[in-house]
Number of protein chains: 2
Amino acid sequence: MAKKKQVRIPQETIRRIALYLRSLRKLKELKFNIISSGQITAYLNVSPEQFRKDLSYFGPVGKPGVGYRVDNLIHHLERILGIDRECRIILVGVGKLGSALLAYPGFLNFNFRIVGAFDSDKEKIGKTLGKVRVYDVSEMKKFIQHDRVQLAILAVPVESAQHVAEKLVACGIKGILNFAPVNLNLTQPVRVLNVDMATELMTLTYFVNRILAG
Amino acid sequence: MAKKKQVRIPQETIRRIALYLRSLRKLKELKFNIISSGQITAYLNVSPEQFRKDLSYFGPVGKPGVGYRVDNLIHHLERILGIDRECRIILVGVGKLGSALLAYPGFLNFNFRIVGAFDSDKEKIGKTLGKVRVYDVSEMKKFIQHDRVQLAILAVPVESAQHVAEKLVACGIKGILNFAPVNLNLTQPVRVLNVDMATELMTLTYFVNRILAG
DNA sequence: ACGTGTGAACCGATTCACAGCA
DNA sequence: TGCTGTGAATCGGTTCACACGT
């Protein structure tokens with residue numbers, strides 16, 4: 001995955017690439033073979049120039065005067081993101097939200113497989129939700145190391161989030177998708193992405209009030 | 001809510017203000033009365049300067065040489081975001097994810113109240129989850145207009161998301177928190193915020209591979 | 001002619017540096 | 001002195017404009 005230049009790649013570029021990929025999958029289903037930057041961005045709130053610029057960080061892939069081969073581009077983007085092979089993930093915290101996430105079909109579509117769920121509630125341990133079995137948190141380390149798991153979804157209550165996150169990092173986890181409404185403080189080289197519904201709603205409220213104010 | 005200048009306020013500033021608010025609530029619980037920009041940002045991955053700059057868009061609120069009164073600042077930020085009074089929201093799509101969101105306690109903490117849930121499944125209509133009753137989608141308009149609801153959480157399957165979103169806008173909804181993995185195309189003045197778990201995981205995978213590569 | 005790829009120009013957000021108040 | 005508030009400088013990302021390949 002050779003970066004072309006020493007130029008730093010914006011995080012937003014990566015996020016958009018994930019978006020392009022989702023869109024391309026749909027276009028492929030609809031039997032598109034070749035598409036242009038204008039076609040793919042038409043329904044994405046992204047300009048064609050932005051799309052081409054995003055791709056340019058990773059080297060040429062389209063044909064001037066023609067466009068992009070859909071298959072080719074999908075594979076290219078999957079390689080960039082590192083999801084061209086199966087990514088094993090674990091889920092910690094099998095409450096209401098955690099259970100819902102276990103059933104979320106979107107993950108498998110993109111080569112993510114939840115290999116285990118973990119909780120400290122004896123009631124839940126041993127059960128199987130969807131196709132995923134729930135284990136005791138004390139078994140996390142074994143799992144993470146045996147299956148070379150890099151990513152964890154954290155869906156525990158806010159009180160235990162920091163503690164569990166530290167434990168995950170100690171077990172070797174490199175990326176955390178955090179659903180707990182708290183800022184995790186971790187020193188190790190871990191990447192954390194927060195998904196915070198309440199914060200999103202507050203942001204939305206602000207902008208809605210702006211719309212209504214004119 | 002007088003904006004001080006004609007300067008456009010960055011969206012990230014608004015998102016961070018929501019973050020500050022969450023943090024301040026916690027500090028208040030811990031009996032802090034006065035805090036400085038350094039104290040509040042210490043655990044937030046935000047610099048004190050950034051914090052002060054963010055606040056500066058909305059006029060002075062702290063005391064030089066002293067800091068900020070926690071109570072005062074909380075109220076100030078709530079007013080900025082428009083959540084100083086109760087915000088009524090609805091939820092559409094009572095599947096696994098929708099049900100989990102109904103039970104999410106974080107909303108109420110910030111003055112959001114889900115006044116109704118909607119689904120097209122006759123099995124679900126009439127039931128009460130948590131304290132929220134599930135209604136037929138055909139009753140949405142009545143609700144939205146009667147309760148002056150501005151915000152909707154969209155948790156329907158991806159196939160119906162665009163259709164339902166259009167319906168919501170037609171009913172007068174001004175902001176949508178969209179959990180369906182699709183880019184909604186809406187022309188009216190509506191604000192859409194997307195929460196897409198698969199996209200987040202892909203982004204995370206990219207950065208984790210970067211960490212491991214050095 | 002058409003559409004990609006990309007350096008350059010532009011624009012907006014963050015960081016810096018400091019004036020001013022308690 | 002300590003900390004806020006903010007113009008100015010810097011930095012990074014997006015947009016523009018166009019050279020090049022088909």
Side-chain angles (χ1 to χ4, degrees), chain A residues 2-20 24 27 32-42 44-74 76-77 80 203 206-207 210, chain B residues 2-20 24 27 32-42 44-74 76-77 80 203 206-207 210:
Chain A
K3 262 183 262 184
K4 265 190 50 183
K5 302 257 170 57
Q6 243 43 10
V7 178
R8 238 178 56 79
I9 298 160
Q11 168 151 359
E12 280 307 301
T13 289
I14 302 305
R15 178 164 260 122
R16 280 192 299 265
I17 283 179
L19 196 69
Y20 304 148
L24 284 163
L27 288 166
F32 283 75
N33 288 316
I34 307 270
I35 46 132
S36 67
S37 57
Q39 286 176 291
I40 189 175
T41 56
L44 291 180
N45 306 337
V46 176
S47 71
E49 297 85 347
Q50 180 78 76
F51 174 80
R52 297 203 302 275
K53 179 60 114 183
D54 285 339
L55 295 194
S56 79
Y57 291 111
F58 304 95
V61 62
K63 284 223 188 313
V66 181
Y68 303 85
R69 275 192 39 221
V70 174
D71 276 342
N72 195 24
L73 188 50
I74 287 177
H76 183 71
L77 299 185
I80 289 170
T203 309
Y206 173 85
F207 285 105
R210 286 290 138 325
Chain B
K3 260 184 258 180
K4 265 190 50 181
K5 304 257 170 57
Q6 244 41 10
V7 178
R8 237 178 56 79
I9 297 161
Q11 168 151 359
E12 281 305 302
T13 288
I14 303 305
R15 178 163 261 123
R16 280 191 300 266
I17 284 179
L19 196 68
Y20 303 148
L24 284 163
L27 288 167
F32 282 77
N33 288 315
I34 307 270
I35 46 133
S36 67
S37 57
Q39 285 175 291
I40 189 174
T41 56
L44 291 180
N45 305 337
V46 176
S47 70
E49 298 85 347
Q50 179 78 77
F51 173 81
R52 296 202 303 273
K53 179 60 115 182
D54 285 339
L55 295 195
S56 80
Y57 292 111
F58 305 94
V61 62
K63 284 225 188 309
V66 181
Y68 303 85
R69 274 194 39 222
V70 174
D71 274 342
N72 194 25
L73 188 49
I74 287 176
H76 183 71
L77 299 185
I80 289 170
T203 308
Y206 172 85
F207 285 105
R210 286 290 137 328

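Residue numbers begin at 1 in each chain, while the letters A, B, ... track the order of the sequences.
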Checklist entry - Does B:Gln39 offer a backbone N or O that forms a donor-acceptor pair with the side chain of B:Ser36 under 3.5 Å? => result yes

Next on the checklist: Less than 4.0 angstrom between a side-chain N/O of A:Ser36 and OP1 or OP2 of C:dG3, yes or no?
Outcome noted: no

Item to check | A:Phe58 CZ - C:dT4 C1' separation (whole Å) | outcome: 17 Å

Next on the checklist: Can you build the contact string for nucleotides 9-22 of chain C? Use B for base contact, S for sugar-phosphate-only contact, and - for no protein heavy atom under 4.0 Å.
Outcome noted: ----SBB----BBS

Item to check | Gap between atom CG of B:Asp54 and atom CD1 of B:Ile9 - 0.5 Å precision | outcome: 10.0 Å

Item to check | Between D:dG2 (C1') and B:Tyr68 (OH): distance, integer Å | outcome: 13 Å

Item to check | Whole-Å distance separating the CZ atom of A:Phe51 from the C1' atom of C:dT6 | outcome: 15 Å

Checklist entry - If you measure from OG1 on A:Thr13 to CZ on A:Phe58, what distance do you get to the nearest 0.5 Å? => result 7.0 Å

Checklist entry - For B:Leu73 and D:dT4, what is the distance between atoms CG and P respectively, to the nearest whole Å? => result 10 Å

Next on the checklist: Whole angstroms only, please: what is the CD1-P distance between A:Ile14 and D:dG13?
Outcome noted: 11 Å

Checklist entry - Do B:Arg15 side-chain atoms and B:Gln11 backbone N/O form a donor-acceptor pair below 3.5 Å? => result no

Checklist outcome for this item: To the nearest 0.5 Å, atom CG of B:Leu19 lies from atom CD of B:Glu12 at 10.5 Å

Item to check | Sub-4.5 Å side-chain heavy-atom contact between A:Tyr206 and B:Ile17 | outcome: no

Checklist entry - Within less than 4.0 Å of OP1 or OP2 of C:dT4, is there a side-chain N or O belonging to A:Ser37? => result yes

Checklist entry - Please give, in whole Å, the distance from C:dG3 P to A:Ile40 CD1? => result 15 Å

